[in-house]
Every structure is written in C-alpha cells, then in structure tokens.
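A short write-up of the structure that comes next.
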Amino acid sequence: MASLPSLAVGGATLHRLDSDPRKLLPASAVPLEKKLAYQRRPPAAEGVQEASAPPLDAQEALALLREGTAVESAFYVPLLQRCVETKSLPDAGVVHAHIIKTGFHQETFLSTSLVNLYMKCGSTEYARKVFVTLPRRNVVAWTAMITGYVHNSQPTDAIGVFLHLLESECYPTSFTIGAVLSACCALSSIEIGKQVHGYVIKYGAESETSMGNSLCSLYSKCGSFESCLKVFERIPDKNVISWTTAISSCGDNGYPELGLSIFANMLSENVEPNEYTLTSVLSLCCMVRDLRLGKQIHSFCIKFGCEQQLPVKNSTIYLYQKCGEINEARRLFDEMDRVSLITWNAMIAGHAQRMNWAKDDIESNLSGFEALKVFQKLNRSGTKPDLFSFSSILTVCSSLLALEQGEQIHAQTVKTGYLSDVVVSSALLNMYNKCGCIEDAIRAFLEMSTRTLISWTSMLTCYSQHGRPKEAIRLFENMRSAGVRPNQVTFVGVLSACSHAGMIDEAEYYFDMMTDEYGIRPVMDHYACMIDMFVRRGRLEDAFAFVDKMDFQPNEIIWSILIAGCRSHGNKDLGFYAAEKLLEIKPKGIETYVLLLNMYISAERWQDVAKVRSLMKDENIGIIRDRSWISIKGQVSFFLANDKSHPQSTEMYNLLENLLREATSLGYVPYKSVEVSVKEDEESSNGSSTIKHHSERLAIAFGMINTAEGATVRVVKNITMCRDCHNLVKFFTTITKREIIVRDSKRLHRFTDGKCSCGDFGAFL
DNA sequence: CGCTCATAAT
C-alpha cells in the first residue's frame, strides 16, 4: 500500500477541505480556451498510418526559434502540439527556451502547455519545475500534472498533487477526478478510490456518465466486482464506453458469460458497439471457447469495418489459435503488414492454450513446439519479448517438459530484468517443478521479490507433488503468517500433502479450518484428497463415510479412487458396490474404464465385462493407447507399448533386457501383468496379454542411449503408470545411477536411488 | 472514461 498518510489516516480529509457545493464543476464550466491545453488528441489507432503532417513544418519552425526569430505567442501553439505528438524532449527544450527569452512564459496558457508537453515527453521533473513557477495556476495545469504523473507511473505523486489542489483556490473538474481515479487504479487503492467516490457523490457529479465509467473501471480493477456492477447500473445515460467497461470487467473478473449477456443487453438497447467493445467481446468468446459465437463477432467486426484494427485482429488471432483453427490464425498473422508485441504474444499464448484442448498428446506437443518456434521468430524480429511472452512460453516449457529451452528462457528473463515480475517468476517456478527440478523451483521462490497467492500456492503444491509434505505444511503456515489469504486451490495442495504423508489428524484440522476460518466451501477436489487419504491408509469404511458427508453427488474421480482402493486392499464387495455407483453416472474417462475392466476381468465377472464394454460403445469411448515421449535437443520421440518402429529399437530392447536381468538379480519381481490398453475384444479379454514393455520403458531406454552417462532422463506418459513399471524404474535408477523423471497423467514421479518421490502412494493402473 | 496477450491443482 502506498504511504499516503493524509488520506489513509483521516478518512474525512477530502471532505473537510471544502464544503463549497460548487467545488466540483462540470467539465463544460471550464472556459473554452483553457480547456484547449488539456485536450488530448485521440491516439492514432494502431495499425493505421498516422494522419498526414499538419500544415506547419515543425522542423522549419524549430529552426526559426533556434535562430532567435521573434514570434507571436500564437506561433507556439501548433508547435507545442506537434512536440506532444513526437514526444521529443530536445525539441521541447528549444521551444521552452525561446518562450522564456521572449517573456511569454508569463502567459499561463503557454506555460500550462509546457507542463503538459514535458509530461508527455516523460520528464515529470521538468513538468514540475514549470508548474511550481507558474504565475497563476488554473485547473487545467493542476489536471495536467495529475494526468502526467499517472501516465508516467507515479500515481502516488498524482494523488499528492490532487490533495494540494483541494487546498488551493481551484475547483477540480470531472477530468481531474477521472485522472485521480486512474491514479487509484494504478495504486490498486480501493480505499482512496472510495473517498474520491464519496467526494463525487457529495458534489453531485455521480450522474455524469464519464464519472460513472471511471468508477466502474476502478472498482473492477481493484477487485470489487460487485461495486463495479452497482455503479454501472446506476449510470443514467450509459454510453458505449460504459457498456464496454462493464463487459470487459466481466472478463477481468472471471465472468465471461455475464459479459456476453451484458453485450446482448447493450444490443437490445440499441447502443452501437465499436472496436473497443468488439475486441472485449472477442476476448470473452475466447474465454468460453465459443468459436461459433466468436466467428459471428468477427463478421460483426467486418460489417463495422474495424476488423483490420490491431487489437481486434489480435483478439481474433487468439480466438482461432486457441480453438484449433491454426490455419486461419496463421493466415491472418501472415497477412498483417504491421504487428505489435501483443500479436506475437497472442500467437504464443494461443498455441499454449491449444495444448490443453488438443485431441491427443501428439497434437498437443506439436502446438507446444509451434509456440517455441513463434517465440524464436519473435526474438529474431528485433522486438523485445515482455512479461506476457515470457509467462506464456515458460508455461509451454512446463507442459513439454522442455527443460533445456526453459533454462535458456530463464537466462533471458534474467538478462532483460523480467524475472522480477511475479507472474514470470511464478511461471518459472512452475516450469522447474513440472520438469522435476524442485531445487531450482525453491530457488525461484526464494528469489522472488514479491509473492502473490499464486506464488505461494505454486510452491506449496510443488512440495506436495515432490513428496515433501512437512515442508508444504510449514510453507502454508508461513504463508498465513505473511498475511496471504489461501484459496480453494491452496487447500487442495495442503490436503493432498497431508494425504501423501498419511497425516490424517492434520488433514481433518485443515479441512475444518478451510470452512470455519476461511469460509471456503469444500468442492469435489477437497473431498477427493480426503477420501484418497483414507483409502491409502486402508481405512475404507472412513473413506465411504466421508462420501456420505458430501452434499453433492460424488463424481467419476471419487468412485475411481474408491474402486482402486478396494482392489488394492482386497475388499471386493465394496469395490463392486462403488463400481455400480460409478456406472450409474456413465463415466467419460478412458482410464476409468480401464480400471473397471481390470477389476471385473481379474474377478472373472465376464457379464460385467460385457456390460462395461457395451457402455463404452454407447458412450463412444475409443481405444486408448499407452504412449510416452521424450524430448532430446528439441526433438520429440514418441513410443507406444512394445514399439519396434524406431531405428534404435534393437539397442533399446537389448538395454532393457540387460536392465531387467540386473533388476531381477537385485530382487525385482514383476507384478502380475496389468492390461493397460483397451483395445478390441480378443486382445485383452482372453487374458493372453503379450505386453512386455510399456511405453515409458522404451522412452527411458531411448533417453539413456542418447544422453550422457549419469544424465537425468525425463519422460512424459499419457496415462497413469502401472505398478510394475513404477517398481521396475526404481531398480533402473539404482543400476544406472541416473535420476529418472516420469510425468504421467496423474502425477510426477522423480526416481532416485531406488526410490520414488511419490512414496509409492501414486495411483497406479 | 473503455480494448487485445500472462502464473497455481487430485
């Protein structure tokens, strides 16, 4: 929180200063010639060529001034405007010097323009110097100072100037208040914002549309979405800006559907949207992944003639990219003659998003590598990546388990200074976590200058995933001491940590704390953690009792945990009961069916096997392929179970045979072979399973052959590991003295010295 | 006064 004692301490400060009801004048009450100094030229739309130069040739005019030619005061006006456009500080100096020489600096109007000019050129110091020597200060000068400080990222100074203004003889206008509210936004200070709001109400400016719009935006950006909507509803004459603010606020606060319905209301009230509105609406379509609606909005943009505008285009590209229409996205991108950094970022983020929605892991990987290519092109284009680029690309590296690329990007964030951004450093932490490098993740966390809820939660779940529950819980307590309020996701991390450690009392304690102290309603995930914990300790009755505590229907995941638990603890009857319940809700996940089939097959309940298979046909569950992949030097190799298609197969199989022999001599005993694939009937149901090597073994063997001795091998697998492979890989690490990391569909396994970080409590097929 | 791109989970 910024230190603004005069405001923060005395809530009444603003009001006490003046009780003159005229203290806030409507903007129109400011004499016209004084308004000129404040008038800002609307920024040229991105992607559109600047309008042709004004009649005045600025260079010639500046040359005249340098020669010392005497001019009239009116001569400066267009020149000052021109300098504002070019943002040239040296030119500003030339004009300023001449004005002083000719004595025109006594004219308030010119000097006020100079304040504005210096602010626009980024020199708040020069602006302040001119301002304090002004012979007479009108509201335009005050407002130029406030706006200038806001634009130069000095919001605290902006508020300071406002306080001085209130003590002066000047009256703020709605422009002034608008600038002050922007300062509150930049400070994320809802406290000061509320006081300004009170001021606005007191002096009767609340009904002014622009005021309502500013307040609406303030509340939205300070996380008070309810107030934002309330203010919006109370604006008597809503204009297109009011509607756009409300619509984009819905997106910012995670209510895209509401935003779309407000857009519908806007249309039914016959307010015409503009490019700002349509850009926001396109973004909402992205959030809900509604390509059909998005295409309609895109045609809308074409109808309005704004589809070429850069922000509109960026949103459109992102939409197509995220929804998998990569050719369309690429076409739009290639057609553009001018792109902005946001365009690049939208391409990268679009690919990153598509990874989550791809139809299979091959497509997902392709998307990830496309994102890396775009990032590389961005670097070569001469444009500097920003925090958005870095956060997106680091997330891509996490999903790909692309540690080498991730490390390079880490170096780049250090060089460019973007690592100091919380979002970037959180993304980095996450990248190291997903790649199995917990030490680097911890370092990233420790080196953060500020930590958000997400940084803490990321670190916490990182400890939990790496099988270090005690540290997870210690971190949770540190987080609370630091005054950071945990949310639902944080508690998933805490509960799963307790679950892994079998800390039942602690889990129950934190479960109660979540509801009692933080008022967070437990959702499915929290119940899943608790039930999982009881199941792991073999307390099946407690697990089923906890299911009864839920005030909603358990989902597929919960029943699957129970079934798996019943199987491993040999309670067939409870397992069959859970399976009945599961079948009632018609599961969707392919792994759920594998679990069911394996259970019924091992119990030789062939009628049930047939029932499950027919349900799979009804629900259109396809076949599952056991697949693993490994990335070496930017090259991904995919493997199926018993894959012999790779040129190095012979070597790989020989290596595996040797490893198996050594493992056996060290005491490895295979578990009864488990059918992982669900293929067509005859292969799996007759029990003549020929599976010898599941895919991760092949990927690991390939990794060992193609990396230096002793190097860590990192493999990703599309489904859960089976118990047998999990056990065998532990032996591999002992034999080869290598660390092996396997990220399966459920969790991360870091194998070292014959042990796994999951503590063998992972869910196995 | 309003727009587009970014981080956490069983």
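All values reported here derive from a predicted model rather than from experimental measurement. Chain identifiers are assigned alphabetically (A, B, ...) following the order of the sequence lines, protein sequences preceding nucleic acid strands; residue numbering begins at 1 within each chain.
Among residues two or more places apart in sequence or in another chain, the ring pair (Phe, Tyr, Trp, His ring centres under 6.0 Å) test is passed with A:Tyr320 by A:His298. For A:Arg451, the side-chain hydrogen bond (donor to acceptor under 3.5 Å, both in side chains) criterion is met by no residue, not counting sequence neighbours. Scored by the salt bridge (Lys or Arg N to Asp or Glu O under 4.0 Å) test, A:Arg354 finds A:Glu363 as partners (sequence neighbours excluded). Residues satisfying the side-chain hydrogen bond (donor to acceptor under 3.5 Å, both in side chains) criterion with A:Asn433, sequence neighbours excluded, are A:Gln465, A:His466. For A:Asp421, there are no salt bridge (Lys or Arg N to Asp or Glu O under 4.0 Å) partners two or more places apart in sequence or in a different chain. A:Lys313 is linked by a side-chain hydrogen bond (donor to acceptor under 3.5 Å, both in side chains) to A:Gln308, counting only residues two or more places apart in sequence or in another chain. Applying the side-chain hydrogen bond (donor to acceptor under 3.5 Å, both in side chains) rule to A:Tyr463 yields no partners; only residues at least two apart in sequence or on another chain are considered.
Although no hydrogens or angles enter the test, the distance criterion places no donor-acceptor pair under 3.5 Å between the side chain of A:Ser283 and the main chain of A:Thr279.
Counting distance only, with no hydrogens placed and no angle test, the side-chain atoms of A:Asn274 and the base atoms of B:dG2 include a donor-acceptor pair under 3.5 Å. Residue side chain A:Thr279 reaches the base of B:dC3 through a donor-acceptor N/O pair under 3.5 Å, judged by distance alone.
Contacts with DNA chain B (heavy atom under 4.0 Å) in residues 418-430 of chain A: A:Val423, A:Ser426, A:Asn430, listed by number. The stretch residues 441-457 of chain A touches DNA chain B through A:Ile454, A:Thr457, each having a heavy atom within less than 4.0 Å of the strand.
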